[in-house]
Amino acid sequence: MELSIEELNKRFGTKSAVSNISVTLQPGVYGLLGANGAGKTTLMRMVCNILKPTSGRILYDGEDILKLGKRFRAIVGYMPQQQGFYEDFSPKAFLKYMAEVKGLKGKNAEGKTVNQQIDELLEVVNLTGVAHKKIGGFSGGMKQRVLLAQALLGNPKILILDEPTAGLDPKERIGIRNYIAELSKDKIILFATHVVSDIECIADHVLLIKKG
């Protein structure tokens, strides 16, 4: 499994957000470090096939992700830095909704139903006790854990995580980053953060980005 980024560029009008980036990713954790506005989120949104590059290309096992389309998006889990929630949704209802959006049906390779997968993910992110509470009453850290759970739906081969430990207390941060490290054995994980200690603990490689 290999994700190749080749001479990738993204411009918004006259502004260059990402400039001539080339890198090859294989299973493992890639820490992405850079100041605010450096281009981290723009790069990740292109890798997720949410934004189209101005030029350059991204290949998954030698095939352009723009041509793969839905087949590529089905193997990608994306945790954005911020996401609006329906405040009246519970974590369980939100994950059920996202499972439908992702087209998850029936049982997975391990014979588990979508409901069983959701219950397991809620336990992983320590939200089982509030699975039916309204997200509108959650702290920022709890909302981060809901977003991480939705990124993990469907056991994606590629995980794109934008500040996944932001807003978490030290104990939660350690638990989440340890779980991410366990996942990296058979996944490509791109992990953007400002917390250098997270990168030091779990990253196999570090990517530095400055002004695109």
- Which value, rounded to the nearest 0.5 Å, describes the distance between Leu159 atom CG and Leu148 atom CG? 8.0 Å
- Is the CD atom of Glu123 crowded by more than 12 outside heavy atoms at less than 6.0 Å? no
- Message: Is the shortest side-chain heavy-atom distance between Pro91 and Ile135 below 4.5 Å?
- Response: yes
- Task: Could you tell me which residues satisfy side-chain contact (heavy atoms from CB on, under 4.5 Å) with Arg71, sequence neighbours excluded, listed by chain and number?
- Result: Leu68
- Does the side-chain contact (heavy atoms from CB on, under 4.5 Å) test come out yes or no for Thr42 and Phe12, once each step is laid out? CA-CA 10 Å; Thr42 300; Phe12 297 98; 4.1 Å; yes
- Query: How about Lys102: does its NZ atom have over 12 heavy atoms from other parts shown lying under 6.0 Å from it?
  - Reply: yes
- Item | Note, Ile75 side chain near Tyr60 side chain (heavy atom, < 4.5 Å) | yes
- Query: Do you know the tightest heavy-atom contact between Ser16 and Ser19?
  - Reply: OG-CB, 3.8 Å
- Query: Short question: side chain of Glu2, backbone of Gly62 - any donor-acceptor pair under 3.5 Å?
  - Reply: no
- Task: Give, for atom NZ of Lys210 and atom CG of Leu33, the distance between the pair rounded to the nearest 0.5 Å.
- Result: 14.0 Å
- Rounded to the nearest 0.5 Å, what's the gap from NZ on Lys211 to CD1 on Ile209? Could you check? 13.0 Å
- Item | Check against side-chain contact (heavy atoms from CB on, under 4.5 Å), Leu152 and Met79 | CA-CA 9 Å; Leu152 294 167; Met79 177 184 174; over 6 Å; no
- Item | Qualifying salt bridge (charged side-chain N to carboxylate O under 4.0 Å, His left out) pairs, either residue in residues 178-207, two or more places apart | Arg173-Asp198, Arg177-Asp198
- Are Leu8 and Ile50 connected in a single hydrophobic cluster, I mean Ile/Leu/Val/Met/Phe/Trp/Tyr linked by side-chain heavy atoms less than 4.5 Å apart? yes
- Query: Hey, quick one: are Leu183 and Leu153 part of the same hydrophobic cluster, counting side-chain heavy atoms closer than 4.5 Å, chains of contacts allowed?
  - Reply: yes
- Message: Can you give me the closest heavy-atom contact between Ile188 and Pro27, atom names plus distance?
- Response: CG1-N, 3.6 Å
- Task: Enumerate the residue pairs fulfilling ring-ring contact (aromatic ring centres under 6.0 Å, His included) with a member in residues 161-192, sequence neighbours excluded, ordered by first and then second residue.
- Result: none
- If you group Ile, Leu, Val, Met, Phe, Trp and Tyr by side-chain heavy-atom gaps below 4.5 Å, do Ile199 and Leu208 land in one group? yes
- Query: Heavy-atom distance under 4.5 Å between the side chains of Arg145 and Phe138, does that happen here?
  - Reply: no
- Item | Contacts of Thr54 that satisfy side-chain contact (heavy atoms from CB on, under 4.5 Å) - sequence neighbours left out | Lys10, Arg11
- Considering only heavy atoms from C-beta outward, does the side chain of Met44 approach that of Leu32 to under 4.5 Å? yes
- Would you say Tyr78 and Gln150 make side-chain contact, with heavy atoms under 4.5 Å? no
- Any donor-acceptor pair under 3.5 Å linking the side chain of Lys40 with the backbone of Gly34? yes
- Compare every heavy atom of Gly77 with every heavy atom of Pro156, then report the nearest pair and how far apart it is. CB-N, 3.4 Å
- Message: Nearest 0.5 angstrom please: Leu25 CG to Ser4 OG, how far?
- Response: 8.0 Å
- For the residue pair Lys143 and Leu147, establish whether any side-chain heavy-atom pair is separated by less than 4.5 Å. no
- Ala149: side-chain contact (heavy atoms from CB on, under 4.5 Å) partners, not counting sequence neighbours: Leu95, Leu121, Val125
- Taking side-chain hydrogen bond (donor to acceptor under 3.5 Å, both in side chains) as the test, write out the residues that go with Arg57, two or more places apart. Glu6
- Query: Roughly how far apart are Leu3 CG and Ile158 CD1, rounded to 0.5 Å?
  - Reply: 4.5 Å
- Note: Ala203 and Gly31 closest approach over all heavy atoms is CB-N, 3.9 Å
- All heavy atoms of Thr165 vs all of Gln144, minimum pair found to be N-NE2, 4.5 Å
- Is there a donor-acceptor pair under 3.5 Å between the side chain of Asn9 and the backbone N or O of Glu7? yes
- Paired with Leu104, the side-chain contact (heavy atoms from CB on, under 4.5 Å) test is passed by just one of Thr113, Ile118, Val114, namely Val114
- Item | Check: Ile65 and Val76 side chains under 4.5 Å, non-hydrogen atoms | no
- Message: Just so I know, are the side chains of Thr128 and Asp119 near enough to count as touching, which here means a heavy-atom distance under 4.5 Å?
- Response: no
- Item | Value rounded to 0.5 Å, distance of CG in Leu43 from CG in Leu207 | 8.5 Å
- Do the side chains of Leu51 and Ile5 join up, straight or via other hydrophobic residues, at under 4.5 Å, putting them in one cluster? yes
- Should we say atom NZ of Lys134 is surrounded by more than 12 heavy atoms from elsewhere, each under 6.0 Å from it? no
- Message: According to a hydrophobic-cluster definition based on side-chain heavy atoms being under 4.5 Å apart (Ile, Leu, Val, Met, Phe, Trp, Tyr only), do Leu127 and Tyr97 belong together?
- Response: yes
- Task: Could you pull out the closest heavy-atom pair between Ile160 and Cys48, with the gap in Å?
- Result: CG1-SG, 3.5 Å
